[in-house]
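Just so we're clear, the structure is a prediction, and the values are computed from it rather than from any experiment.
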Amino acid sequence: MTVIRAKTLHLFSIALLLLTFGPVSAATDPRIVIILDDLGYRQTDTAALSLPQGVTFSVLPFTPLGRSLADKASAQGRDIMLHMPMESLGADNLGPAALTSAMLPQDISATLKRSLDSLPQAIGVNNHMGSKLTEQPLAMQSVMQVVKERGLFFVDSRTTAQSVAEGVAKKMGVPALRRHIFLDHQPTTAFMKIQFARLVHRAHQHGVAVAIAHPYPQTLAFLNDALAQEFDVRLVPVSDVLPAINEKIPDTQVADALLSAPE
């Protein structure tokens with residue numbers, strides 16, 4: 001568990017950005033969650049193992065390095081999730097085992113089960129892409145039935161503002177939460193500072209804030225730097241916030257300026 005408090009000059013600009021968001025209500029225990037997506041394809045992904053233990057890893061199924069990376073991350077005591085490919089509104093290359101709207105419910109279930117079997121360390125699932133499929137209640141029911149049977153949780157990556165994934169999960173009794181911030185939609189230091197400040201601001205407002213990031217070299221460098229500083233919030237694994245996040249938390253447009261992002 002990493003505690004972050006603002007007192008160093010190196011990321012002083014983040015502290016200044018926090019001031020621009022105005023006053024916040026003082027949460028008694030503000031926490032941030034950072035989920036690192038898209039892991040498993042690149043040899044450079046192994047550099048993510050240098051991040052603090054509180055950073056959650058979400059690994060793509062049936063990728064060259066996914067299983068070994070999950071083994072190493074699990075040995076570090078990290079939370080591991082399955083980053084499940086789902087159909088998008090664009091013509092994206094979804095990769096192996098993608099769930100699509102053309103599949104029958106039993107095919108969605110069988111494909112998700114096979115993907116989970118390939119990554120036994122996974123304690124939860126979030127969607128990779130999915131701007132089309134997560135808008136479809138019947139498809140999400142098939143997904144959540146498997147997640148529920150396996151005793152897992154679901155994180156809605158919110159790649160579309162019309163996603164029903166979180167709502168379907170909760171109606172079916174699946175522990176669920178949503179992404180609030182995309183940290184590196186633009187992988188520049190300037191942009192990531194703004195998004196990190198939004199993340200911290202939301203945590204102070206609502207107690208919990210969830211970010212998704214990717215294993216770009218510039219993102220890993222930024223996170224290793226930022227998470228070594230102190231910002232009066234705690235970095236925790238995603239599993240630590242599930243009970244609290246399922247309570248009613250008001251939506252906000254301030255910290256969720258990028259509700260959805262191109263996939």
Results of side chain to side chain donor-acceptor pair (under 3.5 Å) for Arg42 - residues two or more places apart only: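 Partners of Arg42 under the side chain to side chain donor-acceptor pair (under 3.5 Å) test: Asp45.
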Check [X] against [Y] and note the closest heavy-atom contact, atom names and distance.
{"X": "Thr159", "Y": "Ser131", "answer": "OG1-N, 3.4 Å"}
{"X": "Ser157", "Y": "Asn126", "answer": "OG-ND2, 3.2 Å"}
{"X": "Pro96", "Y": "Pro85", "answer": "O-CG, 3.6 Å"}
{"X": "Ala203", "Y": "Ile32", "answer": "CB-CG2, 3.8 Å"}
{"X": "Leu99", "Y": "Leu112", "answer": "CD2-N, 4.3 Å"}
{"X": "Ala48", "Y": "Leu220", "answer": "N-CD1, 3.8 Å"}

Honestly curious: do [X] and [Y] fall in one hydrophobic cluster under the side-chain, below-4.5 Å linking rule?
{"X": "Leu235", "Y": "Leu49", "answer": "yes"}
{"X": "Tyr216", "Y": "Phe191", "answer": "no"}
{"X": "Val155", "Y": "Val241", "answer": "yes"}
{"X": "Phe62", "Y": "Met129", "answer": "no"}

With no hydrogens and no angle check, is any side-chain donor or acceptor of [X] less than 3.5 Å from a backbone partner on [Y]?
{"X": "Thr46", "Y": "Gln43", "result": "yes"}
{"X": "Gln162", "Y": "Glu135", "result": "no"}
{"X": "Gln145", "Y": "Ser109", "result": "no"}
{"X": "Arg78", "Y": "Pro52", "result": "yes"}
{"X": "Gln195", "Y": "Phe182", "result": "yes"}
{"X": "Lys148", "Y": "Met172", "result": "yes"}
{"X": "Ser163", "Y": "Thr160", "result": "no"}
{"X": "Glu87", "Y": "Lys132", "result": "no"}
{"X": "Arg179", "Y": "Arg158", "result": "yes"}

Atom [atom1] in [X], atom [atom2] in [Y]: separation rounded to 0.5 Å?
{"X": "Phe196", "Y": "Ile34", "atom1": "CZ", "atom2": "CD1", "result": "5.5 Å"}
{"X": "Thr56", "Y": "Asp240", "atom1": "OG1", "atom2": "CG", "result": "8.5 Å"}
{"X": "Leu177", "Y": "Glu166", "atom1": "CG", "atom2": "CD", "result": "7.0 Å"}
{"X": "Leu152", "Y": "Leu116", "atom1": "CG", "atom2": "CG", "result": "6.0 Å"}
{"X": "Ile194", "Y": "Ile181", "atom1": "CD1", "atom2": "CD1", "result": "11.5 Å"}
{"X": "Thr189", "Y": "Gln186", "atom1": "OG1", "atom2": "CD", "result": "12.0 Å"}

Do [X] and [Y] have side chains that approach each other closer than 4.5 Å (heavy atoms only, starting at C-beta)?
{"X": "Gln121", "Y": "Asp71", "result": "yes"}
{"X": "Ile123", "Y": "Phe153", "result": "yes"}
{"X": "Ser115", "Y": "His83", "result": "no"}
{"X": "Leu82", "Y": "Pro61", "result": "yes"}
{"X": "Ile80", "Y": "Val59", "result": "yes"}
{"X": "Thr63", "Y": "Leu69", "result": "no"}

In the hydrophobic cluster built from side-chain contacts under 4.5 Å, what are the other members alongside Leu60?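 Tyr41, listed by chain and number.
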Candidates Ile35, Leu223, Leu36, Ile212 - the one meeting side chain to side chain contact (heavy atoms under 4.5 Å, CB included) with Leu183: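 Exactly one candidate clears the test, Leu223.
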Residue from Met140, Lys171, Gln136 passing side chain to side chain contact (heavy atoms under 4.5 Å, CB included) with Val164: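 Going through the options one by one, the only one that passes is Met140.
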Between [Y] and [X], do the side chains contain a donor N or O and an acceptor N or O under 3.5 Å apart?
{"X": "Asp37", "Y": "His128", "answer": "no"}
{"X": "Asp184", "Y": "Thr219", "answer": "yes"}
{"X": "Gln205", "Y": "Arg202", "answer": "no"}

I would like to know whether Leu199 and His180 meet side chain to side chain contact (heavy atoms under 4.5 Å, CB included); could you show each step before the answer? CA-CA 8 Å; Leu199 182 69; His180 303 119; 5.8 Å; no
Should Val143 and Thr134 be marked as a side chain to side chain contact (heavy atoms under 4.5 Å, CB included) after you check the CA-CA gap, both sets of side-chain angles, and the distance that decides it? CA-CA 10 Å; Val143 168; Thr134 59; over 6 Å; no
Give the intermediate values and the outcome of side chain to side chain contact (heavy atoms under 4.5 Å, CB included) for residues Asn127 and Leu133. CA-CA 9 Å; Asn127 53 292; Leu133 200 72; over 6 Å; no
Check step by step if side chain to side chain contact (heavy atoms under 4.5 Å, CB included) holds for Leu51 and Asn224. CA-CA 6 Å; Leu51 292 171; Asn224 270 318; 3.6 Å; yes
